[in-house]
Each structure stands twice: as C-alpha cells, then as structure tokens.
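These numbers were taken from a predicted model, which means no experiment stands behind them.
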Amino acid sequence: MPKHIFVTGGVASSLGKGLTASSLGRLLKMRGLRVTMQKLDPYINVDPGTMNPFEHGEVFVTDDGGETDLDLGHYERFIDESLTRASNATTGSIYQAVLAAERRGDYLGRTVQVIPHVTDEIKRRIQRLATDDVDVVITEVGGTVGDIEILPFLEAIRQFRNEVGRDNVCYVHVTLVPFIGPSGEQKTKPTQHSVTELRSRGIQPDVIVCRSDEPVSDQLKRKISNQCDVDHRNVINAADVRNIYELPLILHEEGLDSRICDVLRIEAEIDLRPWRELVARVEASTAPVRIGLIGKYVELQDAYLSVVESLKHAGFHHAAKVEIVWIQAENVEGLLAEGRLADLDGIVIPGGFGPRGIEGKIRAAEIAREEGVPCLGLCLGMQVMTIEFARHVLGLTDANSTEFDLSTQNPVIDLMIDQREVTDMGGTMRLGAYYAVLEPGTKVAAAYGEPVVSERHRHRYEFNSQFRTRFEEKGFLCSGTSPDKRLVEFIELRDHPFWVGTQAHPEFKSRPDRPHPLFRDFIGAALQRRSKRVPLAETQTSVSSTRG
C-alpha cells in the first residue's frame, strides 16, 4: 500500500509549502522511491484556467490538458515526473462532482452534506493517485490552517489516517518563526497557535517545518517541541536559502526525510550525489547575461514562474547567471526612447491573453529582428513575432490577430477551431501535449536533435497557413508543424542568430538538471551576443561584483 504525506501550512500564506513538499519529494526519489504529488486548493473556481494571472499567477498545464496550480510546476521540476490533471483538485471541482452525483441519484435521495459526501470526494481524489506504480503520495493542502475554506480538507485528511492505517500517513505542518526586530528575537508563539488550531481539527502533526530568515536555535526547537507535543528531532528548520535548489540538501541535513521515513516505517538509503552536483553547477553559474522579459503581468512575477525557472536552468547549463529585466509591454516605447533596452543580451516574449500591451510586444519583436538580438517567443510571443514580420517585411500594414482586430484584412493569426459547439470559456482552447514534426536543417531541429517532439499548449489562435507561402518567400521559416501539416508549431528566421517562436509552452517541461533545448540554445545565443558586445574586462568586473 502506498504511503501518504500531507503538507499543511500555518501562520501566513506563501511560506513555501509547495517548495517544501517538492524538496521532500526529491529526497524520497533519491531514496529510490516512486513518488507522485498533488495539490488540494480551497478556492471555489473549478480550476485556475479562467483566473486573472494577477489573482493566481501562472497556470501550469499538464500533458493531459489540465489547467492547474503553479505549485505543480515546482513538483514536476523537483521530482522530474509528468503529473496529470488528477494532481490538482479544487473546492469548485469537488463540489461540482458531488452535485453531479446528486443529480444522477447516486446518493439515493439522502441529504447531501459536507460530511460525509464532500469529505468522501476529497478522499477519493487522494486515493486515486495511490496506484500500484507509486510508493509515496505527497498531498499539499492549500491555504492556511484557520481559514474557513480548508476545513473540509482537514477533516478529510484526518479521516484518511484512520482508514489507511497510522503507519501509512504522515502529517507535516509548515509554519513561520518570525524575527521581531525591536526585541532582537525569533518568536515561536505563531507556531504554537498554528499547531493548536490544527490539533483542534483532530490532526496532530508528526513533523513541524519552521520557516525563518535565519537558522533557528536548538533551544527554540525544543521549546516548539514541548509546546506542540512533537519530538524535538521532528522540528525541522527551513531557513532562507540562496537558491531554491539548495532546499532539498538543507532539509536533508535537518533530517526531514529521515524523520518522515521513521514515521512511515520506510527503510531506504539515499544517494545525494546527483543533486549535490546540480547545486554545485548552480553556484558556479556566474557569467552574467541580461534577458528582457516583455510581459503583460510583470507586476506579479509568479505569472511567469516557469519561464523564469527555464531561463535559470539554461543558465546553469552554460554556467551563466541570468538576470531578468522585467519590462511592462505597454512601456516598451518609453524604454526605447531612454535607450534602456540597448544593453539586453536577449529578449523573451511570453504568453498571455487579450489586447493590452500587444503593440509593445510587436515593437520588441521588431527590435530583436532588426538588431540581431536573440529572441524567444512563447505562444502569444510567436504570434506577435508573426504579426511584426507581416507588417514590416511583407508590407501588410494592418496585419493582426483576429483576437485583437476582427476587421483586419490580413488575419495572419486566426481561430483555426470551430467554435459553433463551444459552451464554456475553455472550449476553444488547445490544451495539453501535441506532437510536432520539425523541418531538418533548422535551428529548432538542431536544438531538439530529433525529428518529432511533444510540447504542451494553451491557446486558441493559430498561425494562418493561408499566408505561409508569402512568409517563407521572405526567409520566415515554418520550422515545425503538426503531423497533418495543418498547424504551424515553430517559426524562425533563416538569417538571424536566434529569432525563434513556438506556439507551445516549452517552459513547462524544463528541468534544473535538464534544461529545455529552446531555452538552452536561446541563452547560448544571448551569451554569444554578450561576448561580442561587452569587453572581457567589463564581463569579469560584473562577475566579481555578482560574487561579492
């Protein structure tokens, strides 16, 4: 029977439950265990797919087309497993399932209640991941203990231990140990209150993970142990780290995985060498490279979380320290006038929806094309690169996407899916993994090193193939298409260091020890540009100041 680990949080949100759970998953994988993960989210939306990025950050897409919480991105990057839509359940999706069952008559006319019907559905969502191919299921409960929204989830995981046996469940509670400046002390009272609240719901944590700015002393750990009735060896400190990929090593040194294995009666040796080598590469990545990210949601950087991590992964490969320059798409013209884009080594134009900032993205694509700046367009980014080329090279001055201008006479980007049967906001979208056939001899084919690839998608609009011949006559290559050749998946310029766009979201498949090929080659091109543009002495000075 698979073992289950439940990760809850207290005191404050955004403490790093997702990273703690992800790090634990990696540590257990390094013990040779088969691990899967899931997130239970308390919001009533069915999924985050229709939520504003400013509300929820990035929507992470799985191979099977699930629109999920951004923590699933952390899970996949750390445990290096492709998850599914089953790894994310929301209050909305759970109530939707319960109400559908009631309408079908599954409850035989009984009164439908939170207990047992909602809690049973939550437990079913947890149990469906516990297959014969899995040794450990790690479930993160979103929100904070004390929130009214998560009460059904806490009740469900409390019941779960009774049903599968005490030796098969471990409760991990992540809390905050704040530093109070005027008194010069770290305070344990918030942790005590948080655990008291959790215990009032019938859950006694087996392990407490204390987040803090600075290391927590053994004396404070013993105080938390006494107040919260937890073995002092099971009070784990997760102090701030220089980079998130250090966290598994820090938690291992604190004994997190060892203590959880004791609770679950798991005996397995650990091999940390591959992860130590990764962290060493991260620490050795010091060659500076400046990448401009032209976004619509840059005020909330979590909206581009996987893009940023993919750029970092590519930097690790090249021993480069990637500096992200956040550029609001609506401000591109102003920054150009000030000359503040001149020192960029590369430009990334990420995905998004709606017309706001589109002209700024098109202008950025133009700058990159005309000045030989490496440029990587992702989903909407590929579309604006297409529009830019149509306007300024093909002379189609009103070229646009019908998403932004229904009256354009040159819809180089258009809906390629029949909308007549659509009844919901997600109905027109291509979601999940799709195959593409790459054109030999192109930069994209060279990057991947294989003729057929699979990437995840999340979009409605496509390159309009009616214009394809006109584009290709001017050196614009459709370097990858769907197997039936109907849809264009990759574009690039023949005579440019790196001006590549993809209709997909390759950022979702990058890993810290295995960077995505497109990001890897993009950063490689950006480093080449920098080496020609920045004198060696200046580069060495920048590296020294970064190390300092």
Asp47 bridged to Arg85 by N-O distance under 4.0 Å: no
Worked check of salt bridge (charged side-chain N to carboxylate O under 4.0 Å, His left out) between Lys443 and Asp521: CA-CA 9 Å; Lys443 291 182 178 66; Asp521 284 12; over 6 Å; no
Minimum side-chain heavy-atom gap Asp135-Arg34 below 4.5 Å: yes
Audit row: Glu366, Arg391, salt bridge (charged side-chain N to carboxylate O under 4.0 Å, His left out) steps and yes/no: CA-CA 10 Å; Glu366 181 184 14; Arg391 290 182 182 179; over 6 Å; no
Check ion pair Glu81-Lys29 (N to O, under 4.0 angstrom): yes
Electrostatic pair Glu330:Lys296 at N-O distance under 4.0 angstrom: no
Side-chain donor-acceptor contact under 3.5 Å, Gln328 with Glu299: yes
CD (Glu283) with more than 12 external heavy atoms under 6.0 Å: yes
Exceeds 12 heavy-atom contacts within 6.0 angstrom, atom OH of Tyr435: no
His74: partners by side chain to side chain donor-acceptor pair (under 3.5 Å), with sequence neighbours left out: none
Non-hydrogen atoms of Leu487 and Asp484 that approach each other most closely: N-OD1, 4.2 Å
Polar side-chain atom of Lys509 near backbone of His516 as donor-acceptor pair, under 3.5 Å: no
Counterpart residues, ring-ring contact (aromatic ring centres under 6.0 Å, His included), relative to Phe490 (two or more places apart): Tyr448
Heavy-atom pair with the smallest gap, counting every atom of Ile387 and Ser401: CD1-N, 3.7 Å
Lys/Arg N to Asp/Glu carboxylate O, Arg77 vs Glu309, below 4.0 Å: no
Geometric class of the Phe316/Tyr245 ring pair [parallel <30°, tilted 30-60°, perpendicular >60°]: perpendicular
Parallel, tilted or perpendicular, as decided by the 30° and 60° cut-offs, for the rings of Phe471 and Phe467: perpendicular
Check: Ser306/Glu58 side-chain N/O donor and acceptor closer than 3.5 Å: yes
Polar side chain donor-acceptor pair, Glu489 to Tyr434, under 3.5 angstrom: no
Basic-acidic side-chain contact under 4.0 Å: Arg458, Glu507: no
Heavy-atom closest contact (Lys361 atom, Ala329 atom, distance): CG-CB, 4.0 Å
